[in-house]
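Keep in mind that the numbers below use all heavy atoms, side chains included, and drop hydrogens, waters and symmetry copies. Please read all numbers here as calculations on a predicted model, not as lab measurements. Chain letters run A, B, ... following the sequence lines, proteins first, then strands; residues in each count from 1.
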Amino acid sequence: MSNITIISNEKNWIEQTAINQLEALANLPGVVQTVGLPDLHAGKSPVGAVVVSEDVIYPHIVGGDIGCGMGLYDTGIESRKFKLDRWVTKLSNIRELADIQTDNPYEEPSPIYDLGTIGGGNHFVEFQVVDKIYDKEVCMALQLDEAMLMLLVHSGSRGYGQSILNTYDNPQGLAADDEQVECYLTEHDNAVLWAARNRKIVVNKLLAYLGYTPRPKKLIDCQHNFIERRGDRFIHRKGAVSAERGPIIIPGSRGSLTYVVEPTKNTAMAAFSLSHGAGRKWARSLCKSRIRNKYDRDTIRQTKLKSRVVCHDTDLLFQEAPEAYKNIDTVIDSLLQFELINVVATLRPVLTYKG
DNA sequence: ATGTAC
């Protein structure tokens, strides 16, 4: 078995199923390094995982949502002008983002059928305000202005990435000299590109819908499902972010803070990768029964941070409740303990929209 | 996660 590194500490619980899944990946032919980040949890393929291989790629490790990631935008609107009740009402009037017209501003036709939508599951759009600045210099370099309202988009390549996986998926992987590898990686790169474009389009149309001239400024956009070619190696990241592309965003749940962090230079032991979020703690199927008596259909739409969430699917709100996720502070503590990050700032959610 | 598979 290739070497496995688990980035975690005694306070950060990781389910055994996820570890077993990670070990299975470490045993695949050609795998030379495997990392479980503190947000590791079980999935079709484990999430919060990094798999480094030689001479072979495994499209199924990355999965169907190629290019999925987090885009953090400055809305151009001052936080003090945020209108909670008015925006909640406005957003409640649309059933999904597809109800707002989408214009493709790019020359090529979009390979994403549902351009301008975020999809379901754990995807979201969230207005956030700056909670605390920890590193003024990095914030200056990022142009992160504490007076401004932020918009964080979590979405991916929608059906497009899935269609790419369907074309190239093979449990044996693809040998690096197989001509299919270049074809897959070309399409993969296009999915990464269009997933990021999609996040930007969502920001623009949402601001326009709320009545603002959209002039958002991209602060950070980091994908967490993708393959990076690094020399003769391939770094598969599933729910894991590159630590070599500047500061990244690690959101908690809708009921906790989002962290902006800067990678240190010590990330080789983590295959140059960092966490993508808090990580799921409860299986979707268990959530509703566990917290049903704690909430009703109104209170599940508010959080202890006094933020609100607009979503027409009440079942999904239970599946995505803050309780279903690990404590983001514990995840951050693990990364700090391994000296993989420095905290730059924290952001506080004020209004979340889910499809 | 999915213009939601069987």
Please set out all donor-acceptor pairs under 3.5 angstrom arising from side-chain atoms of residues 48-64 of chain A, sequence neighbours excluded.
unit_1: A:S53; atom_1: OG; unit_2: A:V56; atom_2: O; d: 2.6
unit_1: A:E54; atom_1: OE2; unit_2: A:R233; atom_2: NE; d: 2.8
unit_1: A:E54; atom_1: OE2; unit_2: A:R233; atom_2: NH2; d: 3.1
unit_1: A:Y58; atom_1: OH; unit_2: A:P29; atom_2: O; d: 2.6

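- For A:I66 and B:dT2, the CD1 to P distance is 13 Å, given to the nearest whole Å.
- The main-chain N or O of A:S163 is found under 3.5 Å from a side-chain atom of A:T167 such that the two form a donor-acceptor pair.
- Note that the CG atom of A:D135 and the CD atom of A:E262 stand 6.5 Å from one another [nearest 0.5 Å].
- In this structure, A:H276 atom NE2 and B:dA1 atom P are separated by 8 Å, rounded to whole Å.
- If you measure from atom CG of A:L165 to atom C1' of B:dA1, you get 11 Å, rounded to the nearest angstrom.
- Atom-to-atom, CD of A:Q319 to C1' of B:dT4 comes out at 13 Å; the value is rounded to the nearest Å.
- To the nearest angstrom, P of B:dA1 lies 17 Å from CD of A:Q223.
- Regarding A:H123, its NE2 atom lies at a distance of 6 Å from the P atom of B:dA1, rounded to whole Å.
- Between the CG atom of A:D313 and the C1' atom of B:dA1 there is a distance of 14 Å, given to the nearest Å.
- Rounded to whole angstrom, the span from the NZ atom of A:K44 across to the C1' atom of B:dA5 amounts to 10 Å.
- Applying the 4.0 Å criterion to OP1 and OP2 of B:dA1, one finds that A:R158 has every side-chain N and O outside that range.
- Pairs of residues two or more places apart, or lying in two chains, never qualify as salt bridge (charged side-chain N to carboxylate O under 4.0 Å, His left out) while including a residue from residues 205-218 of chain A.
- When heavy atoms are screened at a 4.0 angstrom cut-off, A:G64 is found touching no nucleic acid atom at all.
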